[in-house]
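Note on naming: letters A, B, ... go to the chains in the order of the sequence lines (proteins, then strands), and numbering restarts at 1 for each one.
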Amino acid sequence: MLQQQPIAGNGPMSGRGLGLNAAAGMHPMNSVHPTSQHRSDGESGLEGSENGHESRRDIGDILQQIMTITDQSLDEAQAKKHALNCHRMKPALFSVLCEIKEKTGLSMRNAQEEEPPDPQLIRLDNMLLAEGVAGPEKGGGAAAAVSAATSSGGMSPDSSLEHSDYKTKLSQIRTIYHTELEKYEQACNEFTTHVMNLLREQSRTRPVSPREIERMVGIIHRKFSAIQTQLKQSTCEAVMILRSRFLDARRKRRNFSKQATEGLNEYFYSHLSNPYPSEEAKEELAKSCGITISQVSNWFGNKRIRYKKNIGKFQEEANIYAMKTAIGATQQSEDSPHTPNSTD
DNA sequence: TCGTATGATTGTGT
DNA sequence: ACACAATCATACGA
């Protein structure tokens, strides 16, 4: 009769009771209401009432399960894991853990991650845009520019042909640039998706907050944009080389038109004693010959030195132009005999 | 293909 | 800023 009691006291309730008490002992909140264990047998119904007591029991429950999880078999653990995952208190715990994680370590880097726009990247972008490599496809725009240049600047007809060669090469660079850029973008997206999926998967069992995922995505994007910067840089270099090869005026030397050379020679030989045209004279010559003032200066510079170096060679030319001016002078004097001729 | 002509550039001096 | 001299790189004719 008497022997029953102590044995019965250690019955099926013991595991749970001990567990709860142990958990309650670890959790400061539960120690306030030790009476809550009275409800241990009221599992059916009455859940809506007395919410405070309920949640305290729940937390204790979860913690207890966590504490004992290492003692369980794999299947058991999986089942427990699933149960924990589905537990209604899980989101709350999850957010607390995320918060703690935010406050430690990882968040330190957050402050300096505010990216200042890279000035070098902006320069590269601007240049690529200016060269027509980046930005929208320009079909009519370039053609219009070329035709405008040809019509306004008295360019020889084949210069536009060579310009189109330049354009072809440029569009090749453009195509390569865009394919590469697209490739990088695709790789970046794939990688980002992969990492995001991975982190989302992990976030079911680990405190990985959406913010952390976002941050990781940011890091990946920065890495890829660094690669893109390199691509832009090498594209810029290629364009510069192309420019220097095709648009360098020295390589594209064209002889002046016959009329232009004639006009220049006329002035030169009629001012042989002082072949230094004034600023106004240069302007006048430039206009009449359809060349620039600096081209006039270059021409006179070359002419003076080459004439001086070999007067004999230029004698014939000198005679021809002397004759021309003489004829011009006689005609002029015939027109108006009173005007004295003074050619230099 | 080669030699010469020629326009442009560079370095130097004033 | 300009002139000169040397040089470059292409144009052009034989």
To the nearest Å, give me how far apart [atom1] ([X]) and [atom2] ([N]) are.
X: A:F256; N: B:dT6; atom1: CZ; atom2: P; result: 11 Å
X: A:E262; N: B:dT6; atom1: CD; atom2: P; result: 13 Å
X: A:I293; N: B:dG7; atom1: CD1; atom2: P; result: 18 Å
X: A:N265; N: B:dA5; atom1: CG; atom2: C1'; result: 13 Å
X: A:K303; N: B:dA8; atom1: NZ; atom2: C1'; result: 16 Å
X: A:E316; N: B:dT4; atom1: CD; atom2: C1'; result: 16 Å

Are A:K313 and B:dA5 close enough that a side-chain N or O sits under 4.0 Å from OP1 or OP2?
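Affirmative; the distance criterion is met.
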For B:dG7, take OP1 and OP2 only and decide whether either is under 4.0 Å from a side-chain N or O of A:Q295.
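False: A:Q295 side-chain N/O out of range (4.0 Å or more) of B:dG7 OP1/OP2.
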How would you list, by chain and number, every residue that makes a salt bridge (charged side-chain N to carboxylate O under 4.0 Å, His left out) with A:E266, sequence neighbours excluded?
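By the salt bridge (charged side-chain N to carboxylate O under 4.0 Å, His left out) rule, A:E266 matches no residue at all.
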Which residues satisfy the ring pair (Phe, Tyr, Trp, His ring centres under 6.0 Å) test with A:F256, sequence neighbours excluded?
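Checked A:F256 against ring pair (Phe, Tyr, Trp, His ring centres under 6.0 Å); zero matches.
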A:F314: what forms a ring pair (Phe, Tyr, Trp, His ring centres under 6.0 Å) with it, not counting sequence neighbours?
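A:F314 satisfies ring pair (Phe, Tyr, Trp, His ring centres under 6.0 Å) with A:Y307 only.
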Between A:S297 and A:N255, which is nearer to the 5' end of DNA chain C once each is assigned its nearest nucleotide?
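Result: A:S297.
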Nucleotide nearest A:N298 (side chain, heavy atoms from C-beta), chosen from B:dA8, B:dG7, B:dA5
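Of B:dA8, B:dG7, B:dA5, B:dA8 is nearest to the side chain of A:N298.
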Listed once per pair and sorted, the side-chain hydrogen bond (donor to acceptor under 3.5 Å, both in side chains) pairs that draw on residues 279-291 of chain A, sequence neighbours left out:
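Output for this query lists A:K282-A:S297.
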Please step through salt bridge (Lys or Arg N to Asp or Glu O under 4.0 Å) for the pair A:K303 and A:E317, ending with a clear verdict.
CA-CA 12 Å; A:K303 191 72 182 180; A:E317 194 178 65; 2.7 Å; yes
Atom pairs, protein N/O to nucleotides 4-6 of chain C N/O, distance under 3.5 Å:
| unit_1 | atom_1 | unit_2 | atom_2 | d |
| --- | --- | --- | --- | --- |
| C:dC4 | OP1 | A:Y276 | OH | 2.1 |
| C:dC4 | OP2 | A:Y276 | OH | 3.4 |
| C:dC4 | OP2 | A:R304 | NE | 2.5 |
| C:dC4 | OP2 | A:R304 | NH2 | 3.2 |
| C:dA5 | OP1 | A:K308 | NZ | 2.8 |
| C:dA5 | OP2 | A:K308 | NZ | 2.8 |

Which residues pass the side-chain contact (heavy atoms from CB on, under 4.5 Å) test with A:Q315, not counting sequence neighbours?
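A:Q315: side-chain contact (heavy atoms from CB on, under 4.5 Å) contacts with A:I311, A:A318, A:N319.
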